[in-house]
Colleague: 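Take a look at the following structure, please.
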There are 2 protein chains.
Amino acid sequence: MSPKPMARPGGRSARVQASVHAAVRELEAEQGRAALTVPLVAARAGVTPSTIYRRWGDLQELLSDVAVERLRPDTEPADHGGLRADLTAWAEQFLDEMSSTAGRAYIRDALLGDPDGGNAGQCSAYAAAQVDLVLDRARERGENGAGGAPARDAVMDHVVAPIMYRILFRPEGLSAAYARELVERTLDGLPD
Amino acid sequence: MSPKPMARPGGRSARVQASVHAAVRELEAEQGRAALTVPLVAARAGVTPSTIYRRWGDLQELLSDVAVERLRPDTEPADHGGLRADLTAWAEQFLDEMSSTAGRAYIRDALLGDPDGGNAGQCSAYAAAQVDLVLDRARERGENGAGGAPARDAVMDHVVAPIMYRILFRPEGLSAAYARELVERTLDGLPD
DNA sequence: TCGCTTAACGCAAAGGGATTGCTTTTACTC
DNA sequence: GAGTAAAAGCAATCCCTTTGCGTTAAGCGA
């Protein structure tokens, strides 16, 4: 639900959406998240507050939309020539980005103003798509170490989920080594 | 940070805290979460709004505190005579409680108004303590199936984390069978 | 291309939640 | 039992939120 289905996706609506999102990003960079306010964002975007309230309903839902956009991967997982190297590198980068101060804030915002869970689902879909790219590449290479490449959901359950759980619930002591261990155990133990 | 460290834990402060928490629970049951408001809670608790703002800073932080209290396990994991049965039963119950409508709401609230992550850490600590009880019992029995009982963190990473991840990010299609599978793979595959 | 329909936006007012300085109460300490 | 300071009460102010109504403009069919 990141690109919210607009009944009227044409010119003006699209312009308003773009300028409001831009205003959020600018003000967040300039004054910090805590200072954000619907009237403030509206003023910067050249829009009236009621427009934002009617379209997004809430500051948190607006921030959730913006956060999901920023969590969208902007690059494909790098190719290191093998499944293990690819997955390890991707997991390390994923943990690094997500556990940063900014990453945490975006995750929280994305989960926050998300009544139907659509934005959260989008986040998960982004990660799943990245994982799929890595796994597909391995299959194309014909890799069959230890019973073939793991299933997409196995990686989501045993690599992505633990990382996100620790970021959200155990904010201390996260390192690239942890991501490496998770990948190792998923590829070696290969449950299923 | 659920029992917030009070510089002055004595009589009046404790009474205020108790009556405010009680007011939140009552009003939530009567009028639903969406209707909650600091002035409303304050009135029910027989307190002025400024008291709540000064102590909790925010409605969300107050709700976060109350949510953590409600996420505290009120019973020890049942003893089914063996590690596998114990862990399976606990995981099924955990998933069931956490994925309910109420459970989801509490998890969200707990994560929400939680600047320092203290409340989220408390939630994780609750689950970890339950897992420890199950694992300790297995060790006392001298169980050594497939290399001994798994480490606490292995269960957190491969059973608890996937469950919480799906609850938060993939709200569709969660079942007791999923919890069972996670336990199976953790006990059998035994990565490390 | 022109007009029709209606979704989306602007405007403005009112209602109420959030914030804060000051006073008063009351735990804790000596 | 007196002193100190944290915590709660009080009250006024600010501005966010909400809502009704008029206006604009996107989508659509003739």
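Just so you know, these numbers use all the heavy atoms, side chains as well, and skip hydrogens, waters and symmetry mates. By convention in this document, chain letters (A, B, ...) are assigned in the order of the sequence lines, proteins followed by strands, and residues within each chain are numbered from 1.
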Colleague: Could you walk me through whether B/Gln122 and B/Arg72 pass the side chain to side chain donor-acceptor pair (under 3.5 Å) test, one step at a time?
Modeller: CA-CA 9 Å; B/Gln122 189 61 48; B/Arg72 177 183 350 231; over 6 Å; no

Colleague: Take the protein atom CD1 of A/Ile52 and the nucleotide atom C1' of C/dC11, then report the distance between them rounded to whole Å.
Modeller: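 For the pair A/Ile52 CD1 and C/dC11 C1', the rounded distance is 15 Å.
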
Colleague: If you compare all heavy atoms of B/Leu83 against all heavy atoms of B/Glu143, which two are closest, and at what distance to 0.1 Å?
Modeller: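 Heavy atoms only, the tightest pair is N-OE2, 2.8 Å.
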
Colleague: Are any of A/Thr51's side-chain N or O atoms less than 4.0 Å away from OP1 or OP2 of C/dC9?
Modeller: no

Colleague: Rounded off to whole Å, could you give me the CG-to-C1' distance for the A/Leu36 and D/dC16 pair?
Modeller: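 It is 14 Å, rounded to the nearest whole Å.
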
Colleague: What is the separation between atom CZ on B/Arg54 and atom C1' on D/dA6, rounded to the nearest whole Å?
Modeller: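 Spelled out: CZ on B/Arg54 to C1' on D/dA6 is 12 Å.
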
Colleague: Taking 4.0 angstrom as the limit, do A/Arg141 and A/Asp79 come out as a salt bridge?
Modeller: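 Looking at A/Asp79 together with A/Arg141, the answer is yes, because their closest N to O distance falls below 4.0 Å.
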
Colleague: Have A/Tyr165 and A/Arg170 got a donor and an acceptor in their side chains that come within less than 3.5 Å?
Modeller: no

Colleague: Name the residue closer to the 5' end of DNA chain D, choosing between B/Val16 and A/Leu59 according to the nucleotide with the nearest heavy atom.
Modeller: B/Val16

Colleague: Please state how far atom CG in A/Leu40 lies from atom P in D/dC16, giving the value in whole angstrom units.
Modeller: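 Rounded to the whole Å, the gap is 8 Å.
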
Colleague: Could you check how far CG of A/Asp58 sits from P of D/dC16, rounded to whole Å?
Modeller: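 It is 14 Å, rounded to the nearest whole Å.
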
Colleague: Side chain of A/Thr48 only, heavy atoms from C-beta on: which candidate in D/dA26, C/dG10, C/dG17 is closest?
Modeller: C/dG10

Colleague: Can you tell me the distance, in whole Å, between the CH2 atom of A/Trp56 and the C1' atom of D/dC16?
Modeller: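 For the pair A/Trp56 CH2 and D/dC16 C1', the rounded distance is 18 Å.
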
Colleague: Please determine, for the side chain of A/Arg55, which listed nucleotide (D/dA8, C/dA8, D/dG9) has the closest atom?
Modeller: C/dA8

Colleague: What is the separation between atom CD on B/Gln17 and atom C1' on C/dT26, rounded to the nearest whole Å?
Modeller: 18 Å

Colleague: Please pick, from D/dC10, C/dA8, D/dT19, the nucleotide with the shortest atom-to-atom distance to any side-chain atom of A/Ser50.
Modeller: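 Shortest atom-to-atom distance from the side chain points to D/dT19.
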
